[in-house]
Student: 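Take a look at this one; I'll ask things after.
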Amino acid sequence: MSVAQAPSPVFALRDLGYSVSIREGVREILAGVSFELAEREILSIVGASGTGKTSLLRIVAGLVAQSSGELSFRGVPVSGPPLGVAVVFQDYANALLQWRTVAGNVLLGIERRFSRAECNDRVASALSLVGLERHARDYPWQLSGGMQQRVQIARALALAPSVLLMDEPFASLDALTKSSLQDEMLRLRDETGASFVFITHDIEEAIYLGDRVAVLRGRPGTIAECHPVGLGRERDQVGTRAAPEFLRLRQHLHGAIGAHA
Amino acid sequence: MNARPLLSGLGGIGLFLGLWQLIIGSGLIEYDFLPSPWAILGGLWAMLGDREFYEEALHTLAATLGGWVIAVVLGVGLGALLGSSTTCRRYSLASVEVLRPLPAVAFVPLALLLFGFSLQMELLVIVAPALWPSLINTMEGFAGVPQRLSDVAASFRLSPIERLLRIDLPAAAPSVLVGLRLSLSLALVMSVVAEMVGNPQGLGYGLVREQQALNPERMFGYVLVIGLVGVCLNAILVMASGWILPGQFRRPQAGWDTP
């Protein structure tokens, strides 16, 4: 990783906390979370359930405000979803508009912003990036789970975002679909130059995709450690997963992720 | 629509009418004023020659649709408001739950006092009960829009209007349309009630008039016509829903939810 003299980071979180009021008082979900996301970087955040992964992503996405601490996007404090940031949710069935076709879903974020021709171009290229060009007129419920998740990714890509925030996007998919979408994501990073925050509970996935892996741990959750992944940018499903660095990190994270949980 | 259940259904009706005809014809049961289906058909045929009958049918249709439109505009508007705002819901749900179970017919004396024997009276009797199915179903439709879709709307930075038109309304549409159908059948029932006891016009009045004139064939004729109007109105609305709702909702929904 060489982020020499980077201007301001894409996202910067400092000492961020989040709590919700419940019947018995206040529950702390996150406390003292700090990290930065660099340009063109994939930051994996891995954590067990109940450590506040989804809350963290919703805060970074501007969908809910933090209770304390600072969050800035390209140097500007975040108050609401920033322009150029797209989110991909885990539950694609809820996140897609079931009454719109695939193309209609991809149009959602752009239809009021650009001319009709520009929209058509963007939909076509977003769909071809995820290999769904032949399904533009299908409805989401006619597609498999993996294809529906591709629709959600295409919908995000149509915005030409500079950052994609992904919340366990491949968690409910079968192993084969999962690995092919992982490779697609790496390719997309190279083609679009976007940065990613990739949230997952899957340690291997976190290492395979990440330039860095941060561990979210404890209750309230906090970033307990953060490791650069010394595997270079080229990854492949067989070789990378057998590399000594991969195995070393995996073993370390297995211990790290569960402690104090 | 699948032809087979329709045919079987018609078969059932045919069987019932045949039995009825047989029992009356054989003299097994004798009431002075229970005509056979065949005699009712004769009465209906005679009615179809009357100008008055068409005016009555037109009146009932107009009152039903007019009352329904008012009920739907109020019901969907208020339902959308209550469904999308937890605060609104918190403050008004108690009133809704108190007003809603009032028997629809209980509005008749009030409406008569307020408006006398008039169309306004009829409309009040229709709107007051027909409002609720639209309101409740719209409210539940809007309140049931998944949190995830709200996240999607926010992260795509949709304006409140865009959000209403692109996300909330289509997501709530199946539920809203069920409400519209329930309201419509209730509107027809209430217009007939209003005409029977209050406003001396329309099919309901015709029904009572023929009963008092001891014309059971024509009276049953009116019952039949009112029933047919109800079936047709519902069928039109079901077809329209299938046309309005694209995608998954184009599949037919579970059928007989009319009261």
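A note on names: the letters A, B, ... follow the listed sequences, proteins ahead of strands, and every chain is numbered from 1. When reading the values below, keep in mind they use all heavy atoms of this one structure, side chains included, and skip hydrogens, waters and symmetry mates.
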Student: Between A:R155 and chain B, with a heavy-atom cut-off of 4.5 Å, which part of the residue counts as in contact: side chain, backbone, both or neither?
Tutor: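 For A:R155, backbone and side chain are both near chain B.
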Student: Chain B: which of A:V64, A:L108, A:D91 shares the most heavy-atom pairs with it under 4.5 Å?
Tutor: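 Ranked by contacts with chain B, first place is A:D91.
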Student: If you count the non-hydrogen atoms of other residues, nucleotides and ligands that lie under 6.0 Å from CZ in A:R187, is the total more than 12?
Tutor: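 For A:R187, atom CZ is crowded (more than 12 foreign heavy atoms under 6.0 Å).
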Student: Under 4.5 Å heavy-atom distance to chain B, tell me which part of A:P82 shows up: side chain, backbone, both or neither.
Tutor: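 Contact with chain B: backbone only.
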Student: Using non-hydrogen atoms and a 4.5 Å limit, figure out which bit of A:L63 sits close to chain B: side chain, backbone, both or neither.
Tutor: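 The side chain, not the backbone.
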Student: Of the listed residues (B:S150, B:A153, B:A173, B:S155), which shares the most heavy-atom pairs with chain A below a 4.5 Å separation?
Tutor: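 Counting heavy-atom pairs under 4.5 Å, the top option is B:S155.
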Student: In terms of heavy-atom proximity below 4.5 Å to chain B, should A:A61 be classed as side chain, backbone, both, or neither?
Tutor: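 Neither part.
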Student: For atom OH of B:Y91, is the number of surrounding heavy atoms from other residues, nucleotides or ligands below 6.0 Å larger than 12?
Tutor: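 No, because the 6.0 Å sphere around OH of B:Y91 holds 12 heavy atoms or fewer from other groups.
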Student: Among A:R113, A:Q152, A:Q142, which has the most heavy-atom pairs under 4.5 Å with chain B?
Tutor: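 It is A:R113.
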Student: CD1 of A:I22: more than 12 outside heavy atoms within 6.0 angstrom?
Tutor: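 Yes, enclosed.
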Student: Which bit of B:L158 is near chain A, if near means a heavy-atom gap under 4.5 Å: side chain, backbone, both or neither?
Tutor: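 Only the side chain of B:L158 comes within 4.5 Å of chain A.
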Student: First locate atom CH2 of A:W99, then atom CD1 of B:I167, and finally report the distance between them rounded to the nearest 0.5 Å.
Tutor: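 Separation between the atoms: 5.5 Å.
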Student: What distance do A:Y92 atom OH and B:R148 atom CZ have between them, rounded to the nearest 0.5 Å?
Tutor: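 Rounded to the nearest 0.5 Å, the OH-CZ separation comes out at 13.5 Å.
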Student: Check whether A:L159 gets within reach of chain B through its side chain, its backbone, both or neither, counting any heavy atom under 4.5 Å.
Tutor: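 Only the side chain of A:L159 comes within 4.5 Å of chain B.
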Student: Might you work through the side-chain contact (heavy atoms from CB on, under 4.5 Å) test for A:L97 and B:L149, ending with a clear yes or no?
Tutor: CA-CA 8 Å; A:L97 313 186; B:L149 282 181; 3.5 Å; yes
Student: Looking only at non-hydrogen atoms, find the nearest pair between A:G109 and B:F156 and report the distance.
Tutor: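 The pair with the smallest heavy-atom distance is CA-CD2, 3.3 Å.
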Student: Minimum heavy-atom separation for B:V152 to A:A95, with atom names?
Tutor: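 Heavy-atom minimum between the residues: CG2-O, 3.6 Å.
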Student: Indicate yes or no: at least one non-hydrogen side-chain atom of B:R166 is less than 4.5 angstrom from one of A:R112.
Tutor: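 B:R166 vs A:R112: side chains touch.
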